[in-house]
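Computation of the quantities below employed the complete heavy-atom set of this structure, encompassing side-chain atoms and omitting hydrogens, waters and symmetry-equivalent molecules. As the structure is a prediction and not an experimental result, all values here were calculated from the model.
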Amino acid sequence: MDLLDDYRDLTDVALRRRLEPERGLYMAEGAKVIERALAAGHRPRSILVSPRWEESARRALDAVGIDAPVLVHPESVLEEVTGYQVHRGALAAMERPALPALADLVRDARRVVVLEGIVDHTNVGAIFRSAAGIGADAIVCAPTCADPLYRRSVKVSMGTVFQVPWTRVDQWPGALTQLQQEGFVVAALALADDAVSLDEFAAAGHARIALVMGAEGDGLTRAAQRTADAVVTIPMRGDVDSLNVAAASAVALWALR
């Protein structure tokens, strides 16, 4: 297979969602993101750059002692292959790392974020950035959650998807029960008549918390809410009932830091 095949049709989201996991790869875009992926121990199958980014790509590989093909082509070729103008000048086809088992992921964690049904890659990336910047030890993705390693997620996260440990679970909502068995208080961030305020929940001082966040429109499923130990809501004003899920993650993590 031509190494350029990894980079074709990047704008076809449906195709890439299927193709990248099948090939065991993901895309890192931009020199900073590629450097963070390399620093996290991820290995590139190749790096595709325009001529002015070749030297920085080779330096990044040398810094971690990795020998990988650097494919150098004019920007017009990059655009023809990928389907869009690659403003940041560099793309890397990275090998997907093996994901840890849930028990291993959370063994030493105190704050865990659980994502159910969040399909917008921008929101997933923003939540990872909040987790890295404000403080969460791990992220757990339900089967219905978008891929944190999809190009848009990686880009929006500013590479923090390589910094925050995460995994994807198959059993749902059984994974929440497993977290409870591991000693976590599972808090569903949702609107409900019996919900407690975020301030009240934070004041309880629970040692280990798994904060469950749901889909952008419909919120958490009833199954997830029934399994949770508590339903928690962020107090709102001005006839606004809720925040965007990425903004809500930042507020909740700050309150529970």
Side-chain angles (χ1 to χ4, degrees), residues 1-50 53-73 77-78 81-84 86 88-106 115 121-122 124-125 127-129 131-132 137-143 145-170:
M1 184 180 72
D2 186 338
L3 288 174
L4 282 177
D5 287 346
D6 285 342
Y7 302 92
R8 297 192 190 280
D9 303 314
L10 292 186
T11 57
D12 189 333
V13 177
L15 172 66
R16 299 302 301 193
R17 281 176 178 165
R18 174 183 57 80
L19 183 147
E20 291 182 14
E22 283 181 359
R23 292 186 181 175
L25 62 86
Y26 71 89
M27 287 290 138
E29 180 178 2
K32 293 284 188 187
V33 170
I34 293 170
E35 287 172 5
R36 288 181 178 177
L38 293 172
H42 295 200
R43 297 190 64 87
R45 286 169 33 156
S46 65
I47 299 179
L48 175 63
V49 297
S50 58
W53 290 97
E54 179 182 4
E55 184 178 347
S56 64
R58 295 193 185 280
R59 280 202 308 267
L61 290 172
D62 289 343
V64 292
I66 291 177
D67 182 20
V70 178
L71 314 176
V72 185
H73 292 279
V77 174
L78 268 65
V81 170
T82 63
Y84 74 105
V86 184
R88 295 175 182 267
L91 283 164
M94 307 292 296
E95 296 178 1
R96 282 182 176 257
L99 295 177
L102 180 59
D104 295 332
L105 177 75
V106 304
L115 307 181
H121 292 97
T122 297
V124 172
I127 291 169
F128 267 83
R129 191 170 179 181
D137 301 308
I139 292 180
V140 178
C141 295
C145 182
D147 181 12
L149 291 181
Y150 183 70
R151 178 170 56 92
R152 182 64 180 166
S153 298
V154 173
K155 185 175 180 180
V156 170
S157 81
M158 293 297 293
T160 56
V161 294
F162 314 129
Q163 179 179 338
V164 182
W166 69 279
T167 198
R168 185 180 294 279
V169 293
D170 295 324

Sub-4.5 Å side-chain heavy-atom contact between [X] and [Y]:
X      : Y      : answer
Leu19  : Arg16  : yes
Leu3   : Arg45  : no
Asp2   : Arg8   : yes
Glu35  : Val64  : no
Thr167 : Asp104 : no
Trp53  : Ile47  : no

Name the atoms and distances for all side-chain donor-acceptor pairs under 3.5 Å in residues 154-165, with sequence neighbours left out.
from, atom 1, to, atom 2, distance (Å)
Ser157, OG, Ser153, O, 3.4
Ser157, OG, Val154, O, 2.9
Ser157, OG, Gly159, N, 3.1
Ser157, OG, Thr160, N, 3.3
Ser157, OG, Val161, N, 3.4
Thr160, OG1, Arg129, N, 3.4
Thr160, OG1, Ser157, O, 2.7

Test log, rule side-chain contact (heavy atoms from CB on, under 4.5 Å), inputs His73 and Leu4: CA-CA 11 Å; His73 292 279; Leu4 282 177; 4.0 Å; yes
Under the ring-ring contact (aromatic ring centres under 6.0 Å, His included) rule, collect the residues that match up with Tyr7, sequence neighbours excluded.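 With sequence neighbours excluded, Tyr7 shows a ring-ring contact (aromatic ring centres under 6.0 Å, His included) to no residue whatsoever.
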Report the distance from atom [atom1] of [X] to atom [atom2] of [Y], rounding to the nearest 0.5 Å.
X      : Y      : atom1 : atom2 : value
Arg168 : Leu99  : CZ    : CG    : 8.0 Å
Leu48  : Glu54  : CG    : CD    : 11.5 Å
Ser56  : Leu61  : OG    : CG    : 10.0 Å
Phe128 : Leu115 : CZ    : CG    : 6.5 Å
Leu25  : Asp6   : CG    : CG    : 5.0 Å
Thr122 : Arg152 : OG1   : CZ    : 4.0 Å

If we check side-chain contact (heavy atoms from CB on, under 4.5 Å) with Tyr26, which of these qualifies: Pro148, Pro21, Pro97?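 Looking at Pro148, Pro21, Pro97, the match for Tyr26 under the side-chain contact (heavy atoms from CB on, under 4.5 Å) is Pro97.
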Going by the side-chain contact (heavy atoms from CB on, under 4.5 Å) test, name the single residue among Ile34, Val86, Val72 that passes it with Val49.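 One option only clears the test, and that one is Val72.
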Honestly, is Arg151 close enough over Tyr84, meaning NZ or CZ under 6.0 Å from the six-membered ring centre and within 45° of the axis?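 That pair qualifies as a cation-pi contact.
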Any ion pair linking Arg96 and Asp147 (charged N to carboxylate O, less than 4.0 Å)?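 Result for this pair is yes, salt bridge flagged.
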Can you give me the closest heavy-atom contact between [X] and [Y], atom names plus distance?
X     : Y     : value
Leu78 : Ser50 : CD2-N, 3.9 Å
Ala28 : Val33 : CB-CG1, 3.9 Å
Asp5  : Arg23 : O-NH1, 3.2 Å

Step by step, work out the salt bridge (charged side-chain N to carboxylate O under 4.0 Å, His left out) result for Asp62 and Arg59. CA-CA 5 Å; Asp62 289 343; Arg59 280 202 308 267; over 6 Å; no
For Glu95, which residues count as a side-chain hydrogen bond (donor to acceptor under 3.5 Å, both in side chains) partner, sequence neighbours excluded?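 Partners of Glu95 under the side-chain hydrogen bond (donor to acceptor under 3.5 Å, both in side chains) test: none.
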Using the rule given for side-chain contact (heavy atoms from CB on, under 4.5 Å), can you reason through Thr82 versus Met27, listing the C-alpha separation, both sets of side-chain angles and the distance that settles it, and then say yes or no? CA-CA 11 Å; Thr82 63; Met27 287 290 138; over 6 Å; no
